[in-house]
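Okay, structure first, notes after.
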Amino acid sequence: MADGPTDPAAEQSAATTSDASEDAAGEQSGETADRERRGRDVVVPMRLYKTVTVFSTLIAVVSVVFGFMLLDAATLSVSFLGNFVRGALAAVGLGVADGILSTVFAVVGLSIIAFGAGVYVIGTRFRARGMGKSQEDSGEGSNNDG
């Protein structure tokens with residue numbers, strides 16, 4: 001450390017330069033974050049937005065319900081779907097062990113649930129023209145003051 005006299009103007013200049021470079025870096029990272037958020041959203045006409053929203057939600061709900069039906073068939077021997085598949089396999093002449101059939105039901109059920117979740121997530125990326133950012137993305141506070 002130097003114990004000699006220091007120039008206050010040089011210290012002020014260095015501090016100002018440091019603050020300016022930090023502000024510029026902050027603005028750049030803020031712009032990058034905004035660009036990434038905008039890059040995730042797909043702006044489409046209102047009619048297509050409604051179609052995508054309706055069908056992605058429908059596919060997601062049906063997938064989750066059917067996936068849980070398959071999980072139910074995998075865990076219970078009294079489920080409607082499980083009995084139907086076992087009866088269909090027996091009618092064709094195929095004998096499948098219960099353990100294998102339960103594993104297949106569970107894997108397919110979880111896969112269908114994951115597919116439905118993926119469709120829903122992709123469907124939420126669409127925005128209609130003129131729609132603003134969602135509330136959590138905006139820097140505005142809530143108007144619900146109580």
Side-chain angles (χ1 to χ4, degrees), residues 7-146:
D7 183 14
E11 288 179 3
Q12 179 66 26
S13 174
T16 303
T17 303
S18 171
D19 291 343
S21 64
E22 288 175 6
D23 288 343
E27 288 176 11
Q28 286 176 346
S29 66
E31 290 173 5
T32 303
D34 287 342
R35 206 175 307 126
E36 286 177 6
R37 276 191 214 111
R38 281 181 286 188
R40 292 182 194 160
D41 293 342
V42 179
V43 179
V44 295
M46 182 59 82
R47 184 174 172 95
L48 180 59
Y49 169 75
K50 288 179 180 180
T51 303
V52 166
T53 302
V54 166
F55 282 107
S56 67
T57 305
L58 179 67
I59 290 169
V61 169
V62 169
S63 297
V64 168
V65 170
F66 187 64
F68 276 108
M69 285 177 62
L70 288 171
L71 287 177
D72 180 56
T75 57
L76 298 173
S77 61
V78 293
S79 74
F80 169 74
L81 185 61
N83 289 336
F84 177 76
V85 170
R86 285 181 188 92
L89 290 174
V92 175
L94 294 174
V96 180
D98 284 340
I100 293 173
L101 198 56
S102 291
T103 303
V104 170
F105 280 147
V107 169
V108 172
L110 290 174
S111 299
I112 289 175
I113 291 170
F115 171 75
V119 167
Y120 184 76
V121 167
I122 291 171
T124 61
R125 296 296 176 202
F126 287 84
R127 301 263 184 251
R129 288 188 190 114
M131 289 178 70
K133 291 191 244 179
S134 63
Q135 188 172 0
E136 64 255 3
D137 290 343
S138 68
E140 299 175 4
S142 172
N143 290 341
N144 300 333
D145 291 332

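Listed by first then second residue, pairs satisfying salt bridge (charged side-chain N to carboxylate O under 4.0 Å, His left out) with a partner in residues 99-122 number zero, not counting sequence neighbours. For residues 65-79, there are no salt bridge (charged side-chain N to carboxylate O under 4.0 Å, His left out) pairs, not counting sequence neighbours.
In terms of the side chain to side chain contact (heavy atoms under 4.5 Å, CB included) criterion, residue partners of Val107 (sequence neighbours excluded) are, by chain and number, Thr103, Ser111. Under the side chain to side chain contact (heavy atoms under 4.5 Å, CB included) criterion, Val104 pairs with Ile100, Val108, not counting sequence neighbours. Applying the side chain to side chain contact (heavy atoms under 4.5 Å, CB included) rule to Ala106 yields the partners Leu71, Ala74; only residues at least two apart in sequence or on another chain are considered. Qualifying side chain to side chain contact (heavy atoms under 4.5 Å, CB included) partners for Ser63, counting only residues two or more places apart in sequence or in other chains: Ile59, Ile112, Phe115.
Across all non-hydrogen atoms, the minimal contact from Ser56 to Gly123 is OG-CA, 3.8 Å.
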Just distance, no hydrogens or angles: give the donor-acceptor pairs under 3.5 Å from side chains in residues 47-55, sequence neighbours left out.
unit_1	atom_1	unit_2	atom_2	d
Thr51	OG1	Arg47	O	2.9
Thr53	OG1	Tyr49	O	2.8

Side-chain donor-acceptor distances from residues 79-86 under 3.5 Å, at least two apart:
unit_1	atom_1	unit_2	atom_2	d
Ser79	OG	Gly82	N	3.1
Asn83	ND2	Ser79	O	3.2
Arg86	NH1	Gly82	O	3.2

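Of the possible polar contacts, none joining the Ser102 side chain to the Gly99 backbone as a donor-acceptor pair under 3.5 Å is found.
Note that CG of Asp41 is 6.5 Å distant from CZ of Arg125, once rounded to the nearest 0.5 Å.
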